[in-house]
Protein chains: 2
Amino acid sequence: MSSRRATIADVAREAGVSASTASVVFSGKVVVSDATRAKVIAAAESLGYTGPDPRAASLRTGRAGIVAVLFRERLGAAFRDPVNAAMMDGLSDALAPIGAGILLLRDEGPDAPATAPSLTSAPIDAAVLLGCNEIVRASVETVRGRGLPVAVIEGDAGADIPRILLDNREAQRQAAEHVRSLGHRDVAIVTLPRDGARRRGFHDDEAGITVDVTRDRLQGARDVYPDAPAYATAESSIDEGLAAGRVLLAGVRPTAILAQSDMLAAGVIRAAEEAGLRVPEDLSVTGFDGIVVDGLAPYALTTLVQDAAAKGRAAGEAVVAMLEGREPASLTLSCTFRRGNTTAPVSVSAGKALGPRSDSAG
Amino acid sequence: MSSRRATIADVAREAGVSASTASVVFSGKVVVSDATRAKVIAAAESLGYTGPDPRAASLRTGRAGIVAVLFRERLGAAFRDPVNAAMMDGLSDALAPIGAGILLLRDEGPDAPATAPSLTSAPIDAAVLLGCNEIVRASVETVRGRGLPVAVIEGDAGADIPRILLDNREAQRQAAEHVRSLGHRDVAIVTLPRDGARRRGFHDDEAGITVDVTRDRLQGARDVYPDAPAYATAESSIDEGLAAGRVLLAGVRPTAILAQSDMLAAGVIRAAEEAGLRVPEDLSVTGFDGIVVDGLAPYALTTLVQDAAAKGRAAGEAVVAMLEGREPASLTLSCTFRRGNTTAPVSVSAGKALGPRSDSAG
DNA sequence: TTGTATGCGTTATCAT
DNA sequence: ATGATAACGCATACAA
């Protein structure tokens with residue numbers, strides 16, 4: 001037994017057949033006589049050959065069987081967001097027919113070490129870009145330069161790149177309308193991060209927001225409440241929402257808070273409880289995403305329900321279509337407004353401002 | 001311009017150099033004169049060549065730059081568990097030096113479609129197995145058959161496979177001791193899933209538990225409370241803990257509940273609140289993992305703190321070591337007991353049993 | 001049903 | 001510092 005691993009040629013020789021015949025036994029693409037197959041299998045067994053080397057196969061076929069997903073954040077952070085979890089489910093479903101695995105890639109930005117696996121150097125068949133910021137365009141260029149299919153989820157990818165969008169602005173506008181219809185005029189907004197830096201604080205330069213989701217949802221809120229204070233968080237989590245809620249409930253107290261995600265909304269509710277406020281009697285809160293916030297019961301958030309799994313599925317289907325030479329479909333998904341028990345008509349006792357009331361309804 | 005993509009040979013020809021020289025310009029492994037480099041870069045640019053084809057490179061070098069992580073569950077479920085998130089952070093840190101990407105693979109079991117990307121057919125350099133059940137051994141065989149390095153996290157992998165373990169039993173025993181020292185005798189246990197089927201309900205066949213973590217932690221509890229009722233959940237989540245808590249608090253009410261994860265413990269606390277019980281006055285609760293349960297404040301769980309990131313890092317370091325021909329290290333990590341505010345001495349008013357008290361302390 | 005021939009695109013080795 | 005050569009292991013078109 002040589003130290004070198006057996007190849008299909010070795011197996012073929014051992015079995016007394018040609019390499020192509022042996023190859024065909026493993027790929028199953030051509031009919032082979034049972035006798036021949038048995039010989040080949042036996043030879044493989046005796047040589048410890050466990051199947052074709054994927055590297056060589058992929059060079060030959062031009063397919064690696066891998067689709068990359070590019071996250072903006074640390075992998076751990078991506079894992080912590082339930083919306084991503086649903087998206088991954090949809091994506092892996094859509095990829096199942098072509099049997100592609102999912103390669104997690106992190107958008108390292110320009111300061112990446114050269115050794116980092118990247119869109120440039122990973123053996124992939126296609127890529128799904130996620131996250132909608134300034135870097136997406138560059139990433140799209142990279143992948144396209146390699147001649148690989150790309151789909152973009154919630155980002156602006158440029159012409160003829162299939163994109164999966166959400167009606168973020170319109171949906172958020174609906175929630176804001178709902179809140180206004182309940183009589184709320186003093187409203188505050190808790191937003192997702194505005195850019196890669198993820199700094200907390202009140203928004204000053206809203207035109208400079210580079211995260212599409214953040215910008216679009218904020219615009220939807222602005223359509224109804226052009227002057228409401230908006231506070232940016234560092235990520236979509238309950239604790240970030242809690243921190244933002246504390247800030248917003250400390251000063252001129254709003255009667256309603258529009259949060260850009262359910263996780264943030266859940267945090268805002270905790271902040272309200274902490275401040276001795278009842279939700280929704282003293283403070284109305286809306287979320288976004290329609291996920292199940294583990295442990296938030298008995299509250300049922302008033303929120304916009306999005307189908308995150310559908311986003312992943314659509315992106316997966318788009319790259320599969322392109323891989324098979326078909327025309328990919330772009331898609332704009334709609335959110336569904338769902339009224340829960342966290343919004344109620346403004347009450348006279350609510351919104352006890354610590355300072356003068358600001359009338360910010362548009 | 002031909003329809004075929006440019007190769008390094010085309011670039012070399014265009015630049016008037018040899019293919020090997022052009023190759024070296026991209027790999028940077030050998031010194032090249034500035035003039036030559038510039039020529040090659042320019043030629044590449046003009047031909048739209050974006051760098052070596054990773055498939056061909058990996059065939060030639062024998063490296064794909066990809067490490068697989070095998071999960072037992074749906075990808076979405078894996079994403080929802082905070083312990084996995086931390087583990088991924090550690091793993092990607094450890095893999096950074098060799099610049100390997102992370103391929104998500106799901107343990108499909110025997111009923112997988114042939115097309116599924118798997119340990120057998122994915123172009124990977126190594127694998128990290130996670131999840132400690134009956135299937136791990138088969139997976140190890142598969143990967144080893146390919147001659148690839150493997151590391152196993154919290155599972156029994158057989159000889160000379162590096163494994164990253166936690167002192168689950170000892171740690172859980174500590175927590176149980178703590179609870180006993182507080183005077184608790186009527187104790188119940190909420191466990192992680194017992195096997196792949198993930199059925200909820202009281203344990204009957206504890207010897208038949210195939211998930212190592214579940215079995216080991218349960219044994220630790222059994223060292224102190226051999227007869228405490230143990231209820232299995234379907235996954236580690238607050239809602240599962242809530243459901244289990246409801247069951248356990250409905251009948252003969254224990255004065256303390258040992259949960260096998262913090263998420264489960266958080267759910268148990270919610271169940272207690274729901275039942276009008278105060279934690280820790282009426283019910284003591286312990287968790288496991290030491291994660292930050294988003295939104296659980298003001299409770300600080302009494303729990304066993306594990307360093308999940310260290311688990312991922314150790315697994316990553318083990319495969320990197322093997323890839324570099326060094327000896328990999330197995331590692332057993334210890335949990336640290338952390339007393340929070342969810343455990344207290346048993347009080348005379350607590351544990352108002354609906355039936356007769358069962359003395360189950362050992 | 002099986003075999004023959006060829007090339008997928010690269011990089012390591014060695015010589016120059 | 002650069003170039004020539006030879007694999008890397010496989011899968012397909014085509015011939016037999």
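In what follows, chains carry the letters A, B, and so on, assigned in the order in which the sequence lines appear, proteins first and then strands, with residues in each chain numbered from 1.
Annotation for B:E324: atom CD counts as buried by contact number, over 12 foreign heavy atoms lying within 6.0 Å.
Looking only at atom types and distance, the side chain of B:S18 has a donor-acceptor partner in the side chain of B:T21 under 3.5 Å away.
Of the possible polar contacts, none joining the B:D125 side chain to the B:V67 backbone as a donor-acceptor pair under 3.5 Å is found. Remark: side-chain polar atoms of A:R146 are paired, donor with acceptor, to backbone N or O of A:T120 under 3.5 angstrom.
Here the P atom of nucleotide D:dG9 and the CZ atom of A:R63 are 24 Å apart, to the nearest Å. Following rounding to the nearest Å, A:R5 (CZ) and D:dC10 (P) show an atom-to-atom distance of 11 Å. Between the C1' atom of D:dA11 and the CG atom of A:D53 lies a distance of 13 Å, rounded to the nearest Å. Distance CG (A:D10) to C1' (D:dC8): 13 Å, rounded to an integer number of Å. The nearest whole Å value for the distance from the CZ atom in A:R13 to the C1' atom in D:dC10 is 15 Å. Whole-Å rounding puts the A:I8 CD1 to D:dA7 P distance at 20 Å. For the pair B:K39 NZ and D:dA1 P, the computed distance is 14 Å after rounding to whole Å.
Residues B:A122 and B:L103 share a closest heavy-atom pair of CB-CD2, 3.7 Å.
The A:R60 side chain lies nearest to C:dT6 when the options are D:dA1, C:dT6, C:dA12. Out of C:dT1, D:dA11, D:dT12, the shortest distance to the side chain of A:K29 is found at D:dT12. Closest approach to the A:Y49 side chain among C:dG3, D:dC10, C:dG9 is made by D:dC10 (side chain taken as heavy atoms from C-beta onward).
Taking the nucleotide of DNA chain D with the nearest heavy atom to each of A:T61 and B:R37, the more 5' of the two is matched to B:R37.
Considering only side-chain N and O atoms, A:T7 lies nowhere under 4.0 angstrom from the phosphate OP1 or OP2 of D:dC8. The shortest distance between the side-chain N/O atoms of A:S18 and the OP1/OP2 oxygens of C:dG3 is below 4.0 Å.
Two residues are said to be in side-chain contact when any heavy atoms from C-beta on lie closer than 4.5 Å; B:R106 and B:L70 fail this criterion.
Residues of residues 20-28 of chain B having a heavy atom closer than 4.0 Å to DNA chain D, listed by number: B:S20, B:T21.
Within 4.0 Å (heavy atoms only), B:L59 reaches at least one base atom of the nucleic acid.
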Which donor-acceptor pairs under 3.5 Å do the side chains of residues 25-35 of chain A make with protein atoms, sequence neighbours left out?
residue	atom	partner	partner atom	Å
A:S27	OG	A:K29	N	3.3
A:S33	OG	A:T36	N	3.2
A:S33	OG	A:T36	OG1	2.7

